[in-house]
S.K.: 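Could you have a look at this structure, given as structure tokens, before my questions?
Chain naming here is simple, since letters A, B, ... match the order of the sequence lines and numbering starts at 1 in each.
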Amino acid sequence: MNDRYEFRQIEAKWQRAWEEEGIYHVDPHETKPKYYALEMFPYPSGELHVGHTRNYAIGDAIARFRRMNGFSVLHPMGWDAFGLPAENAAIERGIQPAEWTMGNIRRMRSQFKRLGLSYDWRREVATCHPGYYKWTQWLFLQLFKHGLAYRKKAQVNWCPRCQTVLANEQVVDGLCERCDTEVTKRELEQWFFKITDYADRLLSNLDKLEGWPEKVKIMQKNWIGRSEGVEIVFKLKDTGDDIPVFTTRHDTVFGVTYLVLAPEHPLVEKIISGSSREQEIRKFIHDVSRVSEIDRTSDLTEKIGIPTGAYAINPMSGQEVPVWIANYVLLHYGTGAVMGVPAHDGRDLEFAKKYGLPIKVVIAPPGEACCQDDIDKAYEDPGIMVNSPGFDGVPSEEGKDRIAEFMERNGIGRRTVNYKLRDWLISRQRYWGAPIPIVYCPSCGIVPVPEEDLPVMLPLDVEFRPSGESPLAYIPEFVNTTCPKCGASARRETDTMDTFMCSSWYFIRYTCPRSDDEPWDPDIANHWLPVDQYTGGIEHAILHLMYSRFFTMFLSDVGLIETDEPFSRLLTQGMVLKDGAKMSKSKGNIVSLEEMLDTYGADTTRLFILFASPPERDLEWSEQGVEGASRFLNRLWRLVYEFKDDLVSGHGVGHEFSGLTSEDEEMRRKTHTTLKKVTEDLERYSFNTAVARIMELVNAMYQFRDAAKARPEAMGVMREAVQLVLLMLAPFTPHIAEELWRVIGYEESIHEEAWPAVDESATVETDIEIVIQVNGKIRDRMNVAKGEDPDELKAKALASDRVRELVEGKDIRKVIVVPDKLVNIVVS
RNA sequence: GCCGGAGUGGCGGAACAGGCAGACGCAAGGGACUUAAAAUCCCUUGGGCCUUUGGCCCGUGCGGGUUCGAUUCCCGCCUCCGGCACCA
């Protein structure tokens, strides 16, 4: 053993040894109970920085702890390898996306390995590999087969100069990220998945996910946005056309003073064509859609509208109300038409005031007689219905039921549910993604590629035009094909799939990563699934996690897997900050992982990350903090070095622990209470406090050095403490734990050891200190036997000199005794 | 605007079930070792006050409340961070 902690040599040595021995390889046939620990796989952007590292340090600690707890742990890693940055790199540097991606994967894989993470690398997957995307395409076909994949026109961001489609994140302030041209919208035929079919289940299943943070569940719930209401059918006065509107406030139907259609509403055309104001209205619609195109993200909340000149009839009151068109009504939500009730909706009120539309109060606040129609603030709370013939005096909540019933009985409307969740647009007009396995045949139409013809290979050697267009459409060998049905010449779909699709099932593929004739073996997949612990960034709280849940539900519905929820427990770790800002390339505040590994090593880096902050909270990077972690490991090293001969020569000697002095017993108590607390801390992922406790124990061991040297019994206590410290550190700092474990005489890897058991008898305390309070303030302390009788505690406390002094001449009103904790004497 | 989360020393953070606020680490200061420095080891370190060994007062964003006792529970504010944002 070297007297100095040479982390470089130690880390390299054990990484090699672990890999050679395959100690992290796992098979489904082991008899131990299974545990699936997963961290979100990264996009291979080029290099890992310490920000990424947090995710993996946390996940690895969990995996290693479970392994030591006797589980057979599946812990895999791979690459979310399709995506736009590869195309940008191709355009900027003239390198093929595939080549760029593969180079990044190689570099990042070696960085992963230098971190000493306990992955079963045999299971590595990359979503851009044909062996993987073959099954992504296959899954598309399954969704297609079950009617969950369909085509419809949808708007995309279009850069007229680049002649290409832009993702939302490529549009910056309404301008093309690359050329600063104003982005417009285009209607294109796109592929969608009917995730809305699962809206209700995605919502109701959230209750089952007890191991998920409440925060994430609430975010998903809001995203799904379920709302119950009524679809009420108004009729157009002149033509008799139906105008259904969706509302959750049907109790206010008698307060409707106008109707508003979305500018894109199908009836608009019919209403305005041939009318005297047609030109004016068309201009309005055009202006509105232009504005929303350019500046969709800004909170330009000014509501503007225009009357169509048409009138609609309120089916409840028979009243005629004007029909307007306004920018704030969205076509894709509800029916694309809303009823305006200015008295009871803030937004409607704003609109009505602006355009001089009438206001009619139909809900009175409880306890108030009635009210003026001339109001400043809409009354949106429940109340008593007024001015509502047949329903006056009814509480509005009850009125909702009665109105809905009345409408259903009379065919005026029906109860219905709406969601904010929209279908998942998966088409990307891009090259570097999994091709959608569809062929367009002039006679057969849309034809799915037969499963046996998969994968539809992505050409690897492509030419990027400076404009940034997807090259796929310009490769005749790719586009031109024959129809699988009739054999006629046909055209291939040139869109690729959203990369969220690739990441919606990778956790299943890890169970059978090389399966070639099926996406996975159902028995093996069902053995491992669901993922017991998923760890990743909060930024995926909605999309990735919702899509994965949708896929899993679908796959369980069609019998391909058993579980209908993919992730039992979810841990969302906080961001890593540098100087108060999220680490990112653009901010230039990245701390290089390579540099950390060179200067401090993997164990120190990992230890700092786990120690500096609780996992869910943000972590401020501090070089001085890293120094502290490094100092601690060096301190541990020196301690073991100092005792190495005694520890080795005593190796294998049983721990009888007889003839211990009280100092020895104190040391053992510290050792075992630490073990107990660290175990509890790890169970609840409180890594920072676990590390703090191990540090405390090592501090105590330093105080115990002289004793250990003086007596063999004490050396036995020291030996036990060293063993337990190493075992406790194994999930955090695997290399130094392994090295020192061997130093003290063990021949098998520490990472194949079981988590140690607490010797409860060693933790028993006999004497404890009790706090004596007078009127809630600490005035004295006393040492008593643990479990002392409350009456006895009271007597002793009252006998204390300090207490007698303070209580002198006052009335003792009450004495509160909390056994083993405190005595509080209340005096007046 | 709505929905979450968080405010504790100079800093990161701890206190899991209402019971010793500030564990552990960083930074700072002092001492030991050294020719010296680094490293290491030991000690001090929330603020204020008092004549001492020692003791007192204040202190967990702000203002109230419940309680023998509140960082912890309740009510009302303030600030910061995150999510959603015309969703009828």
S.K.: When the distance from NZ of Lys794(A) to P of C68(B) is rounded to whole Å, what number comes out?
M.R.: 16 Å
S.K.: Which value, in whole Å, describes the distance between the P atoms of nucleotides G5(B) and C73(B)?
M.R.: 12 Å
S.K.: Kindly point out which of G83(B), C86(B), C42(B) is positioned nearest to the side chain of Arg347(A)?
M.R.: C86(B)
S.K.: Rounding to the closest angstrom, what is the interatomic distance between U71(B) and A23(B) at atom C1'?
M.R.: 15 Å
S.K.: May I ask you to decide if the ring planes of Tyr685(A) and Phe687(A) are parallel, tilted or perpendicular, using 30° and 60° as cut-offs?
M.R.: parallel
S.K.: Which nucleotide sits closest to the side chain of Val771(A): A88(B), C24(B), C20(B)?
M.R.: C20(B)
S.K.: Tell me, please, which residues at least two apart from Asp789(A) pass salt bridge (charged side-chain N to carboxylate O under 4.0 Å, His left out).
M.R.: none
S.K.: Using a heavy-atom cut-off of 4.0 Å across all strands, would you classify Gln703(A) as base, sugar-phosphate, or nothing?
M.R.: sugar-phosphate
S.K.: Treating primed atoms plus P, OP1 and OP2 as sugar-phosphate and everything else as base, which nucleotides of nucleotides 45-61 of chain B get B, S or - for protein heavy atoms under 4.0 Å?
M.R.: ----------SSSS---
S.K.: Whole-Å distance between A23(B) P and Ile694(A) CD1?
M.R.: 19 Å
S.K.: Identify each donor-acceptor pair in which a side-chain atom of residues 623-633 of chain A lies under 3.5 Å from a protein atom, sequence neighbours left out, and give them as a table.
M.R.:
unit_1: Glu623(A); atom_1: OE2; unit_2: Tyr600(A); atom_2: OH; d: 3.0
unit_1: Glu627(A); atom_1: OE2; unit_2: Tyr600(A); atom_2: OH; d: 3.0

S.K.: Generate the contact string for nucleotides 4-12 of chain B. Rules: B means base contact, S means sugar-phosphate contact only, - means no protein heavy atom under 4.0 Å.
M.R.: S-------B
S.K.: Who passes side chain to side chain donor-acceptor pair (under 3.5 Å) against Arg684(A), sequence neighbours left out?
M.R.: Asp681(A)
S.K.: Let's see if you can work this out: which of U40(B), A15(B), C20(B) has an atom nearest to the side-chain heavy atoms of Arg638(A)?
M.R.: U40(B)
S.K.: Measure CG/Leu639(A) against P/C41(B) and give the value in whole Å, please.
M.R.: 10 Å
S.K.: Output the distance between atom CG (Asp401(A)) and atom CZ (Arg415(A)), rounded to the nearest 0.5 Å.
M.R.: 6.0 Å
S.K.: For the base of C68(B), is there a side-chain donor-acceptor partner from Arg813(A) under 3.5 Å away?
M.R.: no
S.K.: Heavy-atom nearest nucleotide on RNA chain B for Asn775(A) versus Val818(A): which residue maps closer to 5'?
M.R.: Val818(A)
S.K.: Mind checking the C1' distance from A14(B) to G22(B)? Whole angstroms is fine.
M.R.: 7 Å
S.K.: Out of C24(B), G83(B), A88(B), which has the shortest distance to the side chain of Met219(A)?
M.R.: G83(B)
S.K.: Using a strict cut-off of less than 4.0 Å between a Lys/Arg side-chain nitrogen and an Asp/Glu carboxylate oxygen, indicate whether Glu788(A) and Lys796(A) qualify as a salt bridge.
M.R.: yes
S.K.: If you check every side-chain atom of Leu330(A), which of C87(B), C24(B), G13(B) has the closest atom?
M.R.: C87(B)
S.K.: Side chain of Phe246(A) only, heavy atoms from C-beta on: which candidate in C68(B), C24(B), A88(B) is closest?
M.R.: A88(B)
S.K.: Side chains of Asn418(A) and Ser227(A): donor-acceptor distance under 3.5 Å anywhere?
M.R.: no
S.K.: Anything below 3.5 Å on both distances counts as a pair; with that, list the stems of at least three consecutive Watson-Crick or G-U pairs involving RNA chain B.
M.R.: B:1-7 with B:78-84, B:10-12 with B:24-26, B:28-32 with B:40-44, B:46-50 with B:54-58, B:61-65 with B:73-77
S.K.: Could you work out the separation of C43(B) and G48(B) based on their C1' atoms and round it to a whole Å?
M.R.: 24 Å
S.K.: To the side chain of Asn688(A), which of C87(B), A15(B), G13(B) is closest?
M.R.: G13(B)
S.K.: When you get a sec, tell me which of G19(B), G25(B), A23(B) is the closest nucleotide to the side chain of Glu696(A)?
M.R.: A23(B)
S.K.: For the base of G19(B), is there a side-chain donor-acceptor partner from Gln773(A) under 3.5 Å away?
M.R.: yes
S.K.: With the side chain of Asn327(A) defined as its heavy atoms from C-beta on, choose the nearest nucleotide among C86(B), A27(B), A14(B).
M.R.: C86(B)
S.K.: May I have the distance from Lys303(A) (atom NZ) to A85(B) (atom P), rounded to whole angstrom?
M.R.: 15 Å
S.K.: Please give, in whole Å, the distance from G13(B) P to Leu619(A) CG?
M.R.: 8 Å
S.K.: Can you tell me which nucleotide in G25(B), C68(B), A23(B) comes closest to the side chain of Ala692(A)?
M.R.: A23(B)
S.K.: For the rings on Phe611(A) and Phe732(A), is their centre-to-centre separation under 6.0 Å?
M.R.: no
S.K.: Base, sugar-phosphate or nothing for Asp681(A)? Non-hydrogen atoms, less than 4.0 Å.
M.R.: nothing
